[in-house]
Q: 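Just passing along the structure, written as structure tokens.
For clarity, every value in this text was computed on a predicted model and none was experimentally measured. Protein chains get the first letters and strands the later ones, always in sequence-line order, with residue 1 at the start of each.
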2 protein chains.
Amino acid sequence: MKVLVVDDEQTILETVETKLRREGFTVFTAESAEEGMRIFRQAKPDLLVLDVMLPSRSGLDLCKAIRRDSKVPIIFLTARASEEDRIAGLDIGADDYIVKPFNLGELAARVKAVMRRSGIENPQEVIECGNIRIDPKTHEATIDGRSMNLSPKEFALMYFLAKHQGQVFSRDTLLDRVWGPESFVSARTVDVHIRWLRERIESSASNPQRLVTVRGVGYKFIG
Amino acid sequence: MKVLVVDDEQTILETVETKLRREGFTVFTAESAEEGMRIFRQAKPDLLVLDVMLPSRSGLDLCKAIRRDSKVPIIFLTARASEEDRIAGLDIGADDYIVKPFNLGELAARVKAVMRRSGIENPQEVIECGNIRIDPKTHEATIDGRSMNLSPKEFALMYFLAKHQGQVFSRDTLLDRVWGPESFVSARTVDVHIRWLRERIESSASNPQRLVTVRGVGYKFIG
DNA sequence: GCAAGTGTTAACGATCTCTTAACCGAATCT
DNA sequence: AGATTCGGTTAAGAGATCGTTAACACTTGC
């Protein structure tokens with residue numbers, strides 16, 4: 001889930017970024033409206049956090065510009081608690097409003113709340129391939145109807161591979177997409193998790209049929 | 001799903017009515033507290049949208065009067081963002097709060113959110129799963145026919161989990177949807193309430209069968 | 001005002017999970 | 001064949017998460 005934060009104060013930018021990353025979001029930052037617009041187009045974030053007061057072009061302008069193309073949810077930050085700001089923001093189509101200085105936990109909570117309201121939650125599809133079934137809603141992975149009892153990482157990895165069955169992923173790619181772009185983890189860690197997954201879904205450990213190694217490249221799951 | 005909107009400004013009344021109708025609600029409108037009370041009794045709406053400032057009798061008074069008879073969810077509209085209003089409203093038993101002028105989409109979203117939180121999607125539905133029965137009308141939860149003697153929060157949490165049985169919810173989501181979006185409570189608070197619920201419905205405390213922990217994610221109830 | 005009940009938080013320990021490093025064998029390259 | 005790279009496996013320690021309890025503030029009803 002990608003969030004773009006636009007604010008001209010570096011310290012705010014950094015603390016917000018850290019907090020949101022810690023909450024599991026992929027965070028992009030920009031220090032001006034122009035930069036924000038550019039990154040918005042490139043990164044296609046799922047939610048925006050905009051400072052109302054920006055040096056050249058105001059956050060409200062940026063909001064207007066973005067609203068022409070997109071219905072992405074927007075949360076405003078403002079130093080003043082003035083009514084005009086609030087009014088202008090909500091009129092333009094902001095989804096929420098936070099007055100600086102704000103509590104970081106509150107910001108994170110609002111980001112999540114807005115996402116939930118806007119119905120952007122992860123599409124939570126059930127994945128079935130052969131005798132394996134993975135339901136992210138109940139967070140249950142079963143093989144032949146029996147629970148696989150996966151740990152969080154195992155579940156995430158299994159879900160990702162099953163969702164893109166057949167496709168090969170390098171260890172680095174898996175780290176990026178399953179562990180998250182923030183994680184600084186040795187690539188060999190993936191091997192260990194693959195091993196644990198094989199223990200659950202492969203009948204013959206020495207000859208994997210479904211979690212297949214592609215030597216020199218990575219791993220893939222065959223449904 | 002019926003919504004009653006009470007506001008003395010006709011323009012607001014009309015735009016809100018149009019929007020909510022478009023969203024699939026059956027809308028009733030009133031321009032004064034007295035009229036609102038009358039229509040409330042007749043139409044029995046599932047949710048109220050009340051302006052705080054009304055000519056003769058204030059929206060807060062109307063809210064109080066209605067609260068004596070009913071637990072219908074109420075969303076307040078106010079021109080001022082003052083804290084006192086907010087506090088007064090939430091004290092009386094409002095479910096949410098919107099500052100005028102507001103974004104119509106936001107209003108619709110909040111109406112839906114409040115309905116979801118209040119569990120009104122299927123108004124006052126009795127939930128039964130296995131030997132557990134939860135009746136929100138009488139506010140009674142029984143297991144094997146014996147009352148579980150739940151506190152208010154315990155009841156709300158139990159009801160929510162039972163209503164969405166099988167589905168996993170993070171602590172944050174539970175806080176948002178059971179405690180409400182305005183509450184800033186430590187996530188670990190959920191643990192304690194889960195523990196208390198387990199005391200009532202689990203035979204073996206060390207090995208929960210129904211209120212299951214999904215490590216790294218949250219909790220779910222298995223019916 | 002007092003007592004009982006309720007909700008929240010902090011702390012600690014127990015448990016589970018993740019990561020790393022090391023070693024070994026298998027595959028690949030020269 | 002020998003060297004080298006790559007992947008499999010294991011175990012141990014670090015780290016995160018969860019369960020549980022107790023203390024406290026707060027509310028409610030008597």
Q: In whole angstrom, what separates Leu174(B)'s CG from dG7(C)'s P?
A: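 Nearest whole value for this atom pair: 15 Å.
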
Q: Round to a whole Å and report the spacing from CD of Glu202(B) to P of dG19(D).
A: 11 Å

Q: Any side-chain N or O of His193(B) under 4.0 Å from OP1/OP2 of dT8(C)?
A: yes

Q: Quick test of your reading: applying salt bridge (charged side-chain N to carboxylate O under 4.0 Å, His left out), list the pairs with at least one residue in residues 206-215 of chain A, sequence neighbours left out, ordered by first then second residue.
A: none

Q: Dump the intermediate steps for side-chain contact (heavy atoms from CB on, under 4.5 Å) on Ile201(B) and Asn131(B), then the final yes or no.
A: CA-CA 10 Å; Ile201(B) 72 178; Asn131(B) 55 348; over 6 Å; no

Q: May I ask you to say what Tyr219(A) touches in the nucleic acid, namely base, sugar-phosphate or nothing, with a heavy-atom cut-off under 4.0 Å?
A: sugar-phosphate

Q: Give a yes or no on whether the backbone of Val190(A) and the side-chain of Arg171(A) come within a donor-acceptor separation of less than 3.5 Å.
A: no

Q: Are Thr213(B) and dT17(D) close enough that a side-chain N or O sits under 4.0 Å from OP1 or OP2?
A: no

Q: What is the distance, rounded to the nearest whole Å, between atom CH2 of Trp179(A) and atom P of dC18(C)?
A: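 Rounding to the nearest Å, CH2 of Trp179(A) and P of dC18(C) are 8 Å apart.
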
Q: Between the protein and nucleotides 9-13 of chain C, list the N/O to N/O atom pairs that are separated by less than 3.5 angstrom.
A:
{"unit_1": "dT9(C)", "atom_1": "OP2", "unit_2": "Ser186(B)", "atom_2": "N", "d": "2.6"}
{"unit_1": "dT9(C)", "atom_1": "OP2", "unit_2": "Thr189(B)", "atom_2": "OG1", "d": "2.8"}

Q: The criterion is side-chain contact (heavy atoms from CB on, under 4.5 Å); which residues satisfy it with Thr189(B), sequence neighbours excluded?
A: Trp179(B), Val185(B), Ser186(B), His193(B)

Q: Using whole Å, what does the distance between atom P of nucleotide dT15(C) and atom CG of Asp191(B) come to?
A: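 Spelled out: CG on Asp191(B) to P on dT15(C) is 17 Å.
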
Q: Under 3.5 Å, which N/O atoms of the protein pair with N/O atoms of nucleotides 1-6 of chain D?
A:
{"unit_1": "dC6(D)", "atom_1": "O2", "unit_2": "Arg215(A)", "atom_2": "NH2", "d": "3.2"}

Q: Please verify the inter-ring angle class for His139(B) with Phe155(B); under 30° counts as parallel, over 60° as perpendicular, anything in between as tilted.
A: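 The arrangement is parallel - the two ring planes meet at less than 30°.
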
Q: Rounding to an integer number of Å, can you tell me how far His139(A) NE2 sits from dT17(D) P?
A: 13 Å

Q: Without decimals, in angstroms, what is the distance between Leu150(A) CG and dC18(C) P?
A: 10 Å

Q: If I take atom CZ in residue Arg195(B) and atom C1' in nucleotide dA14(C), what distance separates them, rounded to the nearest angstrom?
A: 15 Å

Q: What's the CD1-P distance between Ile194(B) and dT17(D), to the nearest Å?
A: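 Spelled out: CD1 on Ile194(B) to P on dT17(D) is 17 Å.
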
Q: Could you report the tightest heavy-atom contact between Cys129(B) and Gly223(B), atom names first, then the distance?
A: CB-CA, 3.7 Å

Q: Using a cutoff of under 3.5 Å, can you pull out all pairs of nitrogen or oxygen atoms linking the protein to nucleotides 25-30 of chain D, with atom names and distances?
A:
none

Q: Can you pull out how bent the helix from dG1(C)-dC30(D) to dT30(C)-dA1(D) is, comparing the axes over its first five and last five pairs, to 10°?
A: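 What I find for the helix from dG1(C)-dC30(D) to dT30(C)-dA1(D) is an axis angle of 30°.
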
Q: With side chains defined as the heavy atoms from C-beta onward, is the minimum distance between Asp135(A) and Thr142(A) less than 4.5 Å?
A: no

